[in-house]
K.L.:
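After the structure tokens below, expect a handful of questions from me.
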Amino acid sequence: MEPILIAEAAINGILLGGVLALLALGLNLIFGVVDIIWIAYVELVMLGMYAVYWLVTAYAWPLPLAALAAVALVTVLGLLVHLLIIAPILSSPPVNQLLATGGLLFFLQSFATFLWATDHRSLRLALPILEVFGMFLSFARLLAFAVSLLAMLGLYLFLTRTYMGTAIRAVSQDREAMALMGADARKVYLVTSGIGGAMAGLAGALLIIQYSVHPHFGAAFGPLTFMICVLGGLGNMFGAVVASLLMSEVISVGGIITSTEMAYVVAFVIFIVAIFVRPEGILGKRE
Amino acid sequence: MLELQGVTAGYGEFTALWDVTLTVNAGEAVAVVGPNGAGKTTLMRVISGLVPIRTGDLRLDGRSFAGRRAHEIVAHGIAHVPEGRRIFPRLTVEENLKMGGFLPASRRHYAETVGRVYDLFPVLAERRRQRAGTLSGGEQQMLAIGRALMSKPKLILLDEPSLGLAPVMVLRLFELIRRVRQEGYTILIVEQNVRQVLSLVDRAYLLEVGRIKVEGRSADLAEQDFVRKAYVGI
Ligand SMILES: Nc1ncnc2c1ncn2[C@@H]1O[C@H](COP(=O)(O)OP(=O)(O)OP(=O)(O)O)[C@@H](O)[C@H]1O
Ligand SMILES: [Mg+2]
């Protein structure tokens with residue numbers, strides 16, 4: 001194996017890790033605050049991908065505008081998921097909550113299959129491949145990584161510099177105490193779900209420029225995202241970023257050395273071993 | 001200022017407060033004492049809206065606020081320093097205080113109110129960039145009180161502020177609560193340190209198995225068998 005190929009794969013791993021981190025952060029934020037795991041989270045990403053796909057191919061929208069529309073659309077979907085599905089079952093047993101969001105997953109998958117069949121659809125963008133020090137890097141991936149970083153920076157600033165962002169973190173630590181400060185938990189949950197939706201929509205826009213979309217898109221990225229969240233420590237934002245990079249490196253570098261399938265196997269093995277050794281995740285629960 | 005009239009409340013089938021009537025006048029400091037499990041915390045939670053009432057009425061300055069939710073009641077001017085402090089451990093001291101002033105009306109006065117809190121508790125100013133969870137128990141209690149002051153409340157509810165503190169710290173804390181009083185705040189306080197709290201407040205109530213048993217001016221109560229009753233029950 002040529003070192004240059006491994007270096008290229010390592011860089012691609014980092015680039016993929018950026019988008020995965022975006023997903024893991026969205027899911028983790030919702031879990032940390034609302035205390036519910038959105039099993040159907042990656043299905044929202046899929047809808048974001050379809051949104052961009054159709055706006056660009058059928059309606060000839062410019063890509064940036066279609067991406068913004070997808071973010072807006074999935075933000076609204078996030079709010080609806082919270083209001084229609086999550087809010088009514090907030091005090092139900094966790095199993096029922098899993099069943100409800102799991103049911104949504106099957107609903108969205110079937111819905112997409114019904115509307116758009118199982119075809120794999122891709123934008124076929126003519127984005128350039130850049131040559132850097134003899135490595136070939138896709139511009140689409142670099143773009144997706146840069147936008148992911150910006151979005152994460154934006155989220156970080158929101159969570160640390162604004163009243164609502166700080167309240168979101170406070171609610172994840174003590175819901176009742178935050179009510180005593182005058183914050184309506186229902187409103188905080190809604191804002192959190194909207195942010196989670198926006199992150200999913202953005203991830204969708206960034207993934208459709210690299211991958212094709214199909215109704216079962218979530219089958220590949222869903223388990224990976226959950227694995228990352230658990231590995232980083234559920235609710236732990238910093239852990240989610242670290243775990244994203246770790247997992248995407250394993251998949252990317254492992255994929256070039258062996259095969260993609262083998263790399264996923266290795267990733268799952270690492271996951272299982274890590275969870276046995278540190279059940280609360282590499283960096284512990286809820287940062 | 002605060003009136004509770006025939007309040008009954010509890011959890012599920014269980015009734016923790018029976019027909020409780022209590023008043024706190026503006027500028028007063030009033031204590032509620034009683035043995036473990038008497039319902040003191042429940043009483044505080046009823047006032048701040050965390051536990052709904054079944055019968056009776058709650059009034060603040062003559063206006064009923066029964067049925068209001070906790071986040072609305074803060075806006076009416078009641079700040080609750082809960083049992084066990086309940087600070088946000090992974091937020092900094094300053095962020096905790098910011099959350100105390102979360103209400104839009106309080107945000108406008110943030111610089112001024114936070115300045116007053118730091119004057120009252122200088123140690124919080126020193127530690128303002130530190131995570132609240134790293135503070136000592138006494139400092140955490142100061143933070144919990146300071147956080148409550150950030151909403152500029154008319155009435156402060158203090159639920160066992162001395163809980164779990166070393167004796168020296170308890171004395172200092174009572175001194176600080178006295179200073180909060182002198183700033184003109186109206187206070188309703190639950191305490192296990194009956195003797196000390198009686199020296200701080202104007203009046204006190206003895207709560208026992210969910211019922212008010214004795215009520216009176218603290219000077220009179222200190223002479224009676226009140227302290228023993230508060231611990232042992234009648
Ligand atoms: N969440 C709850 N669910 C059910 N019962 C409760 C709950 N909280 C308190 N109780 C019960 O209500 C009664 C009063 O409890 P409360 O906490 O108000 O007493 P307290 O006077 O504050 O006691 P302590 O001195 O131990 O703090 C107790 O019998 C307690 O077991
Ligand atoms: Mg109590």
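First the proteins, then the strands, lettered A, B, ... as listed; each starts at 1. Small disclaimer: the values here were computed from a predicted structure and weren't measured.
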K.L.:
Of all heavy-atom pairs between A:A170 and B:L91, which one has the smallest distance, and what is that distance?
P.N.:
CB-CD1, 3.8 Å
K.L.:
Within the structure provided, determine whether B:S151 and A:M181 are in side-chain contact (heavy-atom separation under 4.5 Å).
P.N.:
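Contact flag for B:S151/A:M181 side chains = no.
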K.L.:
Both conditions, 6.0 Å and 45 degrees, for the charged tip of A:R169 above the ring of B:F88: are they met here?
P.N.:
no
K.L.:
Hey, is A:E176 close enough to B:R45 for a salt bridge, meaning N to O under 4.0 Å?
P.N.:
yes
K.L.:
With rounding to the nearest 0.5 Å, note down the distance linking CD1 in B:I87 to CD in A:Q173.
P.N.:
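If I round to the nearest 0.5 Å, the distance is 9.0 Å.
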K.L.:
Can you confirm whether B:R172 is buried at CZ, in the sense that more than 12 heavy atoms of other residues, nucleotides or ligands lie under 6.0 Å from that atom?
P.N.:
no
K.L.:
What part of B:R107 is in contact with chain A, defined as an atom under 4.5 angstrom from a non-hydrogen atom: side chain, backbone, both or neither?
P.N.:
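Interface part for B:R107: both.
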K.L.:
Taking atom OH of B:Y11 as the centre, does the number of heavy atoms from other residues, nucleotides or ligands within less than 6.0 Å exceed 12?
P.N.:
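Counting neighbours around OH of B:Y11, more than 12 heavy atoms of other residues, nucleotides or ligands fall under 6.0 Å, so yes.
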K.L.:
Can you give me the closest heavy-atom contact between A:A177 and B:R86, atom names plus distance?
P.N.:
CB-O, 3.6 Å
K.L.:
Report the distance from atom NZ of A:K187 to atom NE2 of B:H71, rounding to the nearest 0.5 Å.
P.N.:
9.0 Å
K.L.:
Checking heavy atoms, do the side chain of B:L103, its backbone, both or neither come under 4.5 Å from chain A?
P.N.:
both
K.L.:
Taking all atoms of both residues into account, what is the closest heavy-atom pair of B:G101 and A:Y163, and its distance?
P.N.:
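Of all heavy-atom pairs spanning B:G101 and A:Y163, the closest is O-CE2, 3.7 Å.
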K.L.:
Go through A:D184 and B:R69 one step at a time and tell me if the side chain to side chain contact (heavy atoms under 4.5 Å, CB included) criterion holds.
P.N.:
CA-CA 9 Å; A:D184 184 355; B:R69 298 172 33 138; 3.3 Å; yes
K.L.:
For a 4.5 angstrom cut-off between non-hydrogen side-chain atoms, does B:K98 reach A:T166?
P.N.:
no
K.L.:
Is any side-chain heavy atom of A:L180 less than 4.5 Å from a side-chain heavy atom of B:I73?
P.N.:
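Of all side-chain heavy-atom pairs linking B:I73 with A:L180, none is under 4.5 Å.
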K.L.:
Considering only heavy atoms and a distance below 4.5 Å, find which of B:P89, B:S48, B:A75 pairs most often with chain A.
P.N.:
B:P89
